[in-house]
There are 2 protein chains.
Amino acid sequence: MTDPLAHQPGYALRRAANAMMGELATRLAPLSLRVSEASILTLVEQCKDVSSSEIGRMLDIKRANMAPLLARLEVAGLIRRQPIDRKSQAIVLTPAGEDRLAAVQRVINQFERELLARVPEAHREHLLPALNALWP
Amino acid sequence: MTDPLAHQPGYALRRAANAMMGELATRLAPLSLRVSEASILTLVEQCKDVSSSEIGRMLDIKRANMAPLLARLEVAGLIRRQPIDRKSQAIVLTPAGEDRLAAVQRVINQFERELLARVPEAHREHLLPALNALWP
DNA sequence: CCATTATTGCTATGTATGATAGCATAATGT
DNA sequence: ACATTATGCTATCATACATAGCAATAATGG
């Protein structure tokens, strides 16, 4: 039976996102990174001297949840903390972190390519702007 | 700072789905239903005499996770179980379940309308087919 | 017909994610 | 200077989703 909920954009959005996240998680697993950790690495490279709080605000991760994520990345030797003032710290990539990020980017670029390839050509260019209209 | 990951369809998909799910959960909360429970009610009405396993397969919810979901709906008096054979049971809506579902449908219809309204007109009709190409 | 296999519904359990509350410290602004 | 806000963190809880295993039943194929 064909899914009777598939005509609802909200439901389709949920199913598409779940399928996508599962697949991406599988592909990042060999790098010992979860999706959120990979996005942190990506962000940290692009934004010089971001603090934990700033990362959280940009990725919509609560401060309380940033702590264990960064701890994991630090233990793995991928990031280190650099004091900004006596309270804040900049998160920066270690050399190992940069290497890992390069691998992440290969995985993600390939993944995004395949993702778009699955969308019929007529709709392809509309996907990103449509999605970006749906979050604040 | 604008989010430097927003150009990736996969990331935009995740953020859009998260924002959407949060909003929908908020709107369903007054009905004492979670999103997954609301979708079960919807499905049960449209498919006569579906079993727990069939619901799970259609909504991509594991059998093990269906059990507590259905238990909650049953305790709330919204569904009841009707024997099919000595092993399987059909899940059917009670009268209270039908009433609750009507309320759910009002919430969801309004929600889906607003969701689509946020998408610029040029992209609107492409969203659903693009999303439905992304899950199996 | 009977033995094997598959399916159903369920419990128990683990893990990832997201949220809240609270806390000590430090920075900010009026 | 003092009240307010921000930071980084711990502890804790709820939800979602996954696996393993189990007892009963159904379905299948030699």
Round to a whole Å and report the spacing from [atom1] of [X] to [atom2] of [N].
X        : N       : atom1 : atom2 : value
Ile84(B) : dG9(C)  : CD1   : P     : 7 Å
Glu54(A) : dT7(D)  : CD    : P     : 7 Å
Leu69(B) : dA18(D) : CG    : P     : 13 Å
Glu23(A) : dA18(D) : CD    : P     : 14 Å
Asn18(B) : dT17(C) : CG    : C1'   : 10 Å
Ile61(A) : dT20(C) : CD1   : P     : 15 Å

Looking only at side-chain N and O atoms, does [X] come under 4.0 Å of OP1 or OP2 in [N]?
X        : N       : result
Ser53(B) : dG9(C)  : yes
Arg57(B) : dG9(C)  : no
Lys62(B) : dA18(D) : yes
Arg86(A) : dT25(C) : no
Arg63(A) : dC9(D)  : no

Are Glu23(A) and Arg27(A) within salt-bridge range, i.e. N to O under 4.0 Å?
yes

Could you tell me, to 10°, how much the axis swings from one end of the helix from dC1(C)-dG30(D) to dT30(C)-dA1(D) to the other, five pairs per end?
30°

Mapping Arg34(A) and Asp85(A) onto DNA chain C by nearest heavy atom, which one lands closer to the 5' end?
Arg34(A)

Earlier contact from the 5' end, DNA chain C, for Met21(A) and Leu70(B):
Leu70(B)

Earlier contact from the 5' end, DNA chain D, for Asp60(B) and Arg81(A)
Arg81(A)

Tell me which of Pro68(A) and Ser36(B) sits closer to the 5' end of DNA chain D, going by the nucleotide each one is nearest to.
Pro68(A)

Regarding dA18(D), can its base be found pairing with the side chain of Asn65(B) as donor and acceptor, where the two atoms are less than 3.5 Å apart?
yes

Between dA24(D), dA19(C), dG9(C), spot the one nearest the side chain of Lys87(B), thanks.
dA24(D)

Options dA27(C), dA12(C), dA11(D), nucleotide nearest the side-chain atoms of Ala64(A)
dA11(D)

